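Report on one structure; see the data block that follows.
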Amino acid sequence: MQYTKNNSKSRKSDTNTLFICFSSLLVCLLVLAACKPASNFALTPTPIRQATITVEPTASQAPPTLRQLADQQKWLVGTASDPAYLTNPQYTALLDAEFNGLVGENVMKWGRLSVERGIYDFSKADVLMDYAARHQMAVRGHTLVWDLQLPDWLTQSILTRDEYKVILKEHITTVVGRYAGRIVAWDVVNEPLDAQGHLRQNFWFQAIGPEYILLAFQWAHAADPEAQLFLNESFAEGLNEKSQGVYALVSGMLEKGVPIHGVGMQMHLRLENPPVPEDVAENMQRLAELGLKVHITELDVRLQDAPGSRDGKLVAQGVVFEDLARTCLAAENCEAFFTWGLTDHYSWIPGMTGKDDEPLLFAENWQPKPAYWAVYAALRDAILAAQP
Ligand code: 9MR
């Protein structure tokens with residue numbers, strides 16, 4: 001009896017315990033269901049300085065992607081790509097969802113387009129252009145005049161100044177003409193200055209003289225009067241000798257009536273030494289006062305030489321991306337924010353330095369990094385600030 005009684009009491013207490021456990025479990029499940037984010041785009045704010053998420057989406061509505069926010073803000077968020085990548089469904093799913101701008105990382109460079117004088121193979125560049133058109137992406141053209149990635153027939157040639165002028169004009173007219181009306185902005189001249197802000201004595205300077213720059217812009221404008229024509233430069237984002245050189249160069253071009261519409265700030269940055277945001281803002285502003293636009297054209301933030309833990313560096317990288325996104329969004333003339341590759345897997349940096357790196361918005365596993373959420377928060381705040 002004792003046993004039975006005790007047993008019955010203990011069974012009753014077991015049942016009570018079970019009931020309490022079950023109810024608690026149910027409550028937990030309900031709470032979890034209510035808190036579950038609506039999609040993979042969890043809006044959990046990352047521990048980034050200013051990346052505060054100010055408006056939470058309703059549980060029934062998927063939060064907008066970066067691209068959707070960018071479309072709303074009429075801001076271009078783009079990335080460098082290559083036609084070879086566009087057959088990978090994981091790559092294209094992320095690209096289509098998150099970016100409204102595209103630029104060929106290499107595919108429109110002279111050496112890729114024309115391995116023989118006068119013969120052009122546009123098939124790969126066309127793949128990129130057609131893809132962009134099908135996915136409503138704006139394309140930046142990169143690049144018409146540079147001293148790197150030129151065809152061997154050109155670099156090995158010994159010709160007169162007039163002959164080089166004819167060759168350069170033919171190239172610009174052919175390429176810009178082919179894509180006329182389909183390129184939002186051309187990097188007409190790439191990296192013409194040295195670290196002190198003087199014209200580099202590069203291939204084109206030696207072949208034609210300093211006027212190669214003005215001529216290139218005039219020929220590009222004649223071939224596509226609608227395209228925005230940019231001078232694209234590296235390490236000239238803040239206030240330094242080089243950005244002073246860019247300012248002096250483009251001011252002089254405008255005084256001469258050269259058709260230039262903007263300056264590309266490449267922004268291949270290092271985490272340990274990013275530009276001061278206020279300097280970038282001032283640099284953008286002085287260009288705005290000249291009537292010029294600014295595009296951030298090749299942004300990446302390499303981590304490999306910076307001290308600290310990986311997690312700490314990823315968060316600090318987010319702050320750099322965020323500062324630049326906020327600076328661009330606040331500037332009256334900064335209309336585009338392009339990163340130099342889709343995920344860390346596609347960055348040019350490890351190939352160049354021989355060291356692993358994680359310089360972009362998405363990780364190798366396609367997941368958004370703190371840098372992504374930082375740009376996302378900056379963009380969303382800009383949209384909210386513009387609302388009445
Ligand atoms: O990312 C590009 C890389 O794949 C090429 O090997 C390299 C050749 O110089 O060019 C890289 O892109 C450059 C861009 O065209 C101009 N600005 C600097 C970029 C990084 O070097």
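Whatever order the structure lists them in is the order used to number ligands and atoms, beginning at 1. The shown structure was predicted, so the numbers you read here are calculated from the model rather than taken from an experiment.
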F122 and Y120 aromatic ring geometry - parallel, tilted or perpendicular at 30°/60° bounds: parallel

Whether H142 and W146 hold their rings parallel, tilted or perpendicular, with breakpoints at 30° and 60°: tilted

Other cluster members, V184 - Ile/Leu/Val/Met/Phe/Trp/Tyr, side-chain contacts below 4.5 Å: L76, V103, F338, W340, W348, I349, M352

Contacts table for ligand 1: protein N or O within a distance under 3.5 Å of ligand N or O, distances only.
unit_1   : atom_1 : unit_2 : atom_2 : d
ligand 1 : 1 (O)  : E105   : OE2    : 2.5
ligand 1 : 1 (O)  : W340   : NE1    : 2.9
ligand 1 : 4 (O)  : E105   : OE2    : 3.3
ligand 1 : 4 (O)  : N106   : ND2    : 3.0
ligand 1 : 10 (O) : K109   : NZ     : 3.2
ligand 1 : 12 (O) : K109   : NZ     : 3.4
ligand 1 : 12 (O) : W340   : NE1    : 3.4
ligand 1 : 15 (O) : K109   : NZ     : 2.6
ligand 1 : 15 (O) : H142   : NE2    : 2.7
ligand 1 : 17 (N) : E191   : OE2    : 2.8
ligand 1 : 17 (N) : Q266   : OE1    : 3.2
ligand 1 : 17 (N) : Q266   : NE2    : 3.4
ligand 1 : 17 (N) : E298   : OE1    : 2.7
ligand 1 : 17 (N) : E298   : OE2    : 3.4

Worked verdict on D147 versus R200 for salt bridge (Lys or Arg N to Asp or Glu O under 4.0 Å): CA-CA 10 Å; D147 56 325; R200 288 195 300 122; 3.0 Å; yes

Parallel, tilted or perpendicular, as decided by the 30° and 60° cut-offs, for the rings of Y346 and Y91: perpendicular

Ring pair (Phe, Tyr, Trp, His ring centres under 6.0 Å) partner of Y372, the single match among F321, F99, F362: F362

